[in-house]
Undergrad: 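Got a structure for you, written out below as structure tokens; questions coming shortly.
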Amino acid sequence: MVNSDLLAVESPICVGIIGGGQLGKMIAHEARRMSLKVIVLDPTEGCPASGIADEQIVAGFKDEDAIMRLAAKCDVLTYEIELANSTTLKDLEAKSYPVRPSPETLYIIQNKFRQKSFLRKHKIDVADFERVRSEDHLYQLCERFGFPAMLKACENSYDGRGNFLITSREQIPKAFNYFSKNEIMVEKFVPFIKEISIMVARNPSGEIASFPVAENIHKNGILDTSIAPARINQEVELKAKRIAEMTMDVLKGAGIFGIEMFVTKKGDVLINEIAPRPHNSGHYTNEACSVSQFEQHLRAVLDLPLSKPELLCPAVMVNILGNEHLTGPYAIKGLRRLLSVAGVKLYVYGKKTSKPGRKLGHITATGRTVEEALMRAAMARNAYELTAKMIKETPK
Ligand code: ATP
Ligand code: MG
């Protein structure tokens, strides 16, 4: 393992990241601030992180040869997507190469059925669930769980794309065929009153530190808004933190994890899912906390002391998502109005084209109160629009 106590500017510690999207970009930003080196692996030339990282290897996330080349150039490997090849990473780890979070953790999380089974085994509350063996079996499970029931693809789903809400018996054949032959599971629908999430870090030495709880609003299965601190009572907050820290402990997580949870009317807290990486709902930490989720991730993967995150001010993050009417190159119109809103920070990831629902950037608004941050975020959101027109004004 690299001596992470020594920051030699001439030959800096090098962090390899599988995935070069916005999360990789923001990790690279923090790394650069401390003069650490970053190499990303991503199939898209000119991916968001490429402009910040020291180097990009252009290859697929599961490309064994490319992952090995990345490892050879770096001191430690991490990833910003769950699609990373856990078998190749396991081989590397077997040769004592540091992969963080560990391939075993990734393997558990990559599959929602495996992930939930692991949590249930460790007595961490999740909604009732079962793997679906056949269409008949799905009928039986819907009977048992009641309607609506949530059908989920066990792997490769994100932004709600792997979910199908079954509202009646009649929908079962369509739902069953929706994910073709992929492994599926059905979950009891949770009539939550709030969705929350916690960013929590653990380093290989076993130190654990969690961030303040954020409250999340999803639209069409995609995260739309995160509010920090979450508007929950102290009992729920403590419960959520305890669950998050316990999860990191049993998973032996190394790095920052985003843990999404449901809060019920009774005040129960259930885990919805775990992301073994920085998370969209933790972007607010850049402006509102004493340490960002991205710096904390670097600290954790390098086994450095974790910072104890403190909330400096309330914040609201809103995503800039591609809309239904626009596929292809795009521009953000209304930049002047947007940036004239007090307390607002704009992030544009640098993705070359827009697609419906694609995460193109985000806005974080801070304020003295949650209400003020909410108002500023709403003003910023109303100030811009996405357009396909990219005609630049020629200076007179
Ligand atoms: P993402 O990557 O954006 O987190 P995902 O594709 O992994 O999404 P989930 O997090 O499982 O999907 O679900 C997306 C959203 O669907 C949740 O945030 C929640 O609003 C809703 N949802 C998921 N499971 C349930 C459930 N059992 N009961 C009620 N709502 C649910
Ligand atoms: Mg989710």
Side-chain angles (χ1 to χ4, degrees), residues 19 21-23 79-84 106 108-117 119-120 124-132 138 141-142 144-167 175 178-179 182-199 213-227 230 240 244 247 256-266 268-283 293 317-322 355-360 362:
Q22 63 269 22
L23 302 176
Y79 38 88
E80 54 119 65
I81 37 135
E82 290 96 321
L83 297 173
L106 177 63
I108 294 168
I109 291 176
Q110 261 174 347
N111 180 298
K112 286 187 178 178
F113 178 76
R114 221 180 281 138
Q115 185 189 127
K116 296 243 154 112
S117 305
L119 291 171
R120 189 151 70 181
I124 296 169
D125 287 344
V126 291
D128 231 350
F129 66 96
E130 197 76 67
R131 187 163 25 202
V132 180
L138 183 56
L141 292 171
C142 286
R144 191 170 114 206
F145 294 149
F147 293 106
M150 191 62 98
L151 187 70
K152 292 188 174 184
C154 295
E155 289 192 10
N156 299 333
S157 69
Y158 65 99
D159 292 344
R161 284 165 224 247
N163 293 354
F164 190 112
L165 188 70
I166 309 176
T167 52
Y178 188 73
F179 298 112
N182 293 325
E183 186 186 348
I184 47 177
M185 62 187 265
V186 68
E187 237 175 61
K188 199 175 161 104
F189 186 82
V190 182
F192 56 80
I193 54 160
K194 245 182 221 314
E195 287 194 82
I196 57 171
S197 61
I198 305 195
M199 300 310 305
V213 182
E215 174 182 339
N216 300 322
I217 299 163
H218 289 83
K219 288 192 183 146
N220 306 318
I222 306 177
L223 182 69
D224 181 79
T225 305
S226 283
I227 304 163
T247 304
I256 189 116
F257 286 38
I259 306 191
E260 299 176 23
M261 302 171 186
F262 298 131
V263 183
T264 69
K265 207 169 158 189
K266 264 175 38 200
D268 290 334
V269 179
L270 311 176
I271 290 192
N272 171 36
E273 69 168 342
I274 306 169
R277 51 168 172 79
H279 193 258
N280 194 174
S281 68
H283 292 352
Q293 61 164 341
M317 188 273 338
V318 288
N319 271 331
I320 298 176
L321 300 172
K355 276 194 285 201
R358 189 168 203 198
K359 289 175 180 165
L360 302 172
H362 73 266

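Remember, it's 1-based here, ligands and their atoms both numbered in the order they're listed.
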Undergrad: Would you find more than 12 non-hydrogen atoms of other residues, nucleotides or ligands less than 6.0 Å from F164 atom CZ?
TA: yes
Undergrad: Which of parallel (below 30°), tilted (30 to 60°) and perpendicular (above 60°) describes F113 and F129?
TA: perpendicular
Undergrad: Can you list every protein residue that has a heavy atom under 4.0 Å from any atom of ligand 1, sorted by chain and residue number?
TA: K112, M150, K152, S157, Y158, D159, G160, R161, N163, E187, K188, F189, V190, F192, E195, H218, G221, E260, F262, N272, E273
Undergrad: Any sub-3.5 Å donor-acceptor pair from Q293's side-chain atoms to H279's backbone N or O?
TA: yes
Undergrad: Side chains of Q22 and H362 only: does a donor on one sit below 3.5 Å from an acceptor on the other?
TA: no
Undergrad: Please determine whether the number of non-hydrogen atoms from other residues, nucleotides or ligands lying under 6.0 Å from atom NZ of K355 exceeds 12.
TA: no
Undergrad: So that I can tick it off, tell me whether K112 and E187 are bridged by a salt bridge, with the cut-off set at under 4.0 angstrom between side-chain N and carboxylate O.
TA: no
Undergrad: Please identify each residue that fulfils side chain to side chain donor-acceptor pair (under 3.5 Å) with R131, with sequence neighbours left out.
TA: E183
Undergrad: Return the name of the atom in E273, of element N, O or S, nearest to the Mg ion (ligand 2).
TA: OE2
Undergrad: In E260, the N, O or S atom nearest to the Mg ion (ligand 2) is which?
TA: OE1
